[in-house]
Structures are given as structure tokens and as C-alpha cells.
Amino acid sequence: MSNIVIIGAQWGDEGKGKIVDLMSEKADVVIRFQGGNNAGHTLVIDGVTYKVALLPSGIVRGKMSVIGNGVVVDPLALREEMDRMAALGVKITPDTLKVSELATLILPLHRELDKMSEEAAGKGKIGTTGRGIGPAYQDKVARRAIRVGDLAEKETLEAKVDNLLLFHNALRKGMGQPAVDKAELMKTLDEAAKIILPFAVPAWKVLDEQIKAGKTLLFEGAQATMLDNDFGTYPFVTSSNTIAGQAAVGSGVGMRSIDKVIGVVKAYTTRVGAGPFPTELFDATGDAIRDAGHEYGTNTGRPRRCGWFDAVLVRQALKVNGVQSLAVMKLDILDQFDEIKVCVGYELDGKKLDYYPMQMNAQASVKPVYETLPGWKSSTYGIRDFAKLPEKAQSYLRRLEELLETEISFISTSPEREDTIVLGNPYGK
Ligand code: IMO
Ligand code: MG
């Protein structure tokens, strides 16, 4: 198998976890390269459901799992998640879990600032996961973050904390909030060191050794292209770059070591949190998709907004990632509909657009131009062979390939990993 990056091409929750799990069977190392525990990746293995947020999905199968420098790591959340995994019988050791020393820490003050900022924003809020992701990345870019490896150097840690608090306490004062209790924070860092240092390594070096030994790498994207800090529906995005190019930056693997990019989409569209969503449905069809697809956040339990497939948005996402092949998830959720719509263009002020504009008002007011395809009205649940799909479902998928200018190599018909149609050789170069 080649070294592959898996990314989401919509607004997240596409089913990246299942595809990563499926492909991780053939990979040696699974790597997270951005985001943090805002992700919620679900794996179903032999009827048992595993939900990972910060840990790479490969951990469940005992693969070497790397949390790269591009990730923001909440040590307390990491411990909780490791405990949850242990309760399910998943063994995590310093041989299987490697955390980059260069990764940025999420501290309690980041979680607090996330919530305070959202409250202060009122109606303009982003609808974040509240995990402190944005504030941690802000500190990273502003060069005052505390990183995993800093926990190992006691003599410089306190000065780093003082520098961090200089900023945060001024900000909190301005927001009418109490200052951070420094002694408490030092205690938290002490605890963090115990949790995380056993796993801390120069991950770029570990990965270089793996590459030299001919091992295969699988890069597990979190969030998705429409939540990318540059290419998404800014400011209703996450605070990291989520696209495939980040796999190199966020792990320290040279870009020439990455062979392939696979994009994951749902057969329809969902979004959780605020922001524009051209094909959103506010009617019974939207509710039917939510019910059938169990569209509630893995992580926060929030109901997801649901709508038809947006081929314009996805095509754009595939381009900025350089996606070579696609995984289409949750096809079976569309089984019940008489007609299925696909957005093939937008209209804005009487003009046609073949891409999603960047201005906020324009994003919120484009009208989708739909193509209507006949529904297949029969169960595709669990089908594992393309030829066994109803003809109209096959036509729907073939039409998506045309509109997206990209071939489909996986079609998922249930949460179980075996219920996947594989076309061609997505594992090759
Ligand atoms: P996975 O990996 C869906 C959304 C939040 C919010 C915005 C910013 O499971 O696909 P943040 O907490 O990141 O600052 O929130 O991004 N969001 C996700 N939506 N799936 C995710 O991850 C998400 N991670 C963040 O809802 O709109
Ligand atoms: Mg999710």
C-alpha cells in the first residue's frame, strides 16, 4: 500500500473513521496531523463501537499511532480517552502511541476562553465544540504556547507560564473574568507531564525511521475542507488547516513521501455548528435524513443540520486537496426517497456560479441549482457488491463521479467495515 492521506471534503462527520479503520488494516502507522479532540471518529469492529477524538483511529487495532506536531493536545482529555479505550480492551503503550514533543498543549484556560468567546459573541457565535481548540492554536501562532516537550524542562516552564498568563490575564480582565490561578495551572502541568511524557517523542524522527524501514503511513484527517481555516466557510471554520497539504506540515514527513489523497463524503450533506450551508433542508426531508442517518454529534451530541449533496462545494474541496479518489459514505440513508437532488451550480443575483464565493453575504445567499435524480426506493443496507446496488443508486453514484471529476473507490452501506464496496485498487499509487 502507498502512503495515503484521508480527508473530509464537506463539513466533517463524513465517516473518515470507518475509512481510516478499513485502510489501517494494510497500514503500519496511523497519524493525526491537525485538530484535536474536536474530532469524533467512530469505528465499529465486530459489533463493538469505538469513539476516538484525539487518538488516531489506528490505536484500536494496535497500530503505531502518532499524534503529530500539528495537533493540539489536551492532556486531561487524552487521559480520559485512554481510560475509555482501556475499558474496551484497547492496549495503549509507548510502543503504540507516539505524541510529538512539538505538539501544542490545550490547557484549562483555553477551554475557558473558548466558552467565554462564544458567550461574548452571542448570535455571532461559531458553535465550536468548546474544547479550547481555537484559543490553543491562537497561542501557538502568537508564539506563547506551551508544547508537549516543554513539560520535560522544568527550569524553563515557569517563565513560559508567566509569559502565557501575561496575555491571558489581561484578556480575561477585559472580559470581566477572574485571573488564572497560577499555582493551580502549575499543578495541572505537573499532572500533564505524568500523563503525556511517557509517549512524547520527536515524531518527525520516528516517522523518518518508519519510512526508511519501508512501513506504510496513513494520515487521518480530522474536521474537513469546508472547516479549513483558509478554504472553509471562514469565519465559521476550525482553527487549523484541515486539507491534505497539512499532512506533511503537521507531521514532519516530507511531502514527497505522500503518494495519494482520498476524500471522504457522505451521500448527502451535514453540518454541525453555525455558518452557511446552501443545500440545507428545513423540511420533513431534512428530518428524515437526520433520523435515518442518526445525525447527532459523536462528540457533543448536537443535532446536525442536514441537506442534499452539494457537488459544487465538494468539487472545490477535491481540488484544493488534490483528491485522487473518493469514498462515498452512508448511501443507504437515501434509500427511502422518491427523488434525490444534487446541487450542480449556484445562482447569485441572477448570475450563475460554478464555485462557492468567499464573501459572507454571498455565501449565505447563493441559491443552489438542483438536478433531480430518481430515488431507488429499496434497501442498499449492507450491500458489498456494486453490481448488486439498485440501478438508480448506481446512476446516482456515476453522476456524482462526473460532476466531481473524480472516481469513486469506496461506497459504504452500513457502519460495519465489511459493508463497503471497493472499486479498483484504492490502496495502490
Ligand atoms: P470530525 O473529525 C464536524 C466544527 C464545530 C464548529 C467549528 C469550529 O469528527 O469530522 P472548533 O471546536 O473546531 O473550534 O469548532 O468546527 N467542527 C466539526 N464539525 N466534525 C468535526 O470533526 C468537527 N470539528 C469541529 O462544530 O462549527
Ligand atoms: Mg465527528
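Every number for a ligand or one of its atoms is a count from 1 in the order of the listing.
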Student: Closest to the Mg ion (ligand 2), which N/O/S atom of Asp13 is it?
Tutor: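 Closest to the Mg ion (ligand 2) among those atoms: OD1.
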Student: Heavy-atom distance under 4.5 Å between the side chains of Leu97 and Ile67, does that happen here?
Tutor: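 Touching, per the 4.5 Å side-chain cut-off.
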Student: Could you tell me whether the side chain of Tyr268 reaches within less than 4.5 Å of the side chain of Ile340, counting heavy atoms only?
Tutor: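 Ile340 does not reach Tyr268 side chain to side chain.
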Student: Rounded to the nearest 0.5 Å, what separates atom CG in Leu185 from atom CG in Leu109?
Tutor: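 If we round to the nearest 0.5 Å, Leu185:CG and Leu109:CG are 6.0 Å apart.
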Student: Taking side chain as C-beta onward, heavy atoms only, is Trp308 less than 4.5 Å from Leu281?
Tutor: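 Yes - at least one pair of side-chain heavy atoms lies under 4.5 Å apart.
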Student: Which of these passes side chain to side chain donor-acceptor pair (under 3.5 Å) with Gln223: Asn38, Asn241, Asp13?
Tutor: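 Answer to the side chain to side chain donor-acceptor pair (under 3.5 Å) test with Gln223 among Asn38, Asn241, Asp13: Asn38.
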Student: At a 4.0 angstrom heavy-atom cut-off, what protein residues surround ligand 1?
Tutor: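 Only Trp11, Gly12, Asp13, Lys16, Asn38, Ala39, Gly40, His41, Ile126, Gly127, Thr128, Thr129, Ala222, Gln223, Leu227, Val237, Thr238, Val272, Gly273, Arg302 have heavy atoms that fall under 4.0 Å of ligand 1, ordered by chain and number.
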Student: Please step through side chain to side chain donor-acceptor pair (under 3.5 Å) for the pair Arg131 and Thr129, ending with a clear verdict.
Tutor: CA-CA 5 Å; Arg131 302 290 196 264; Thr129 59; 5.0 Å; no
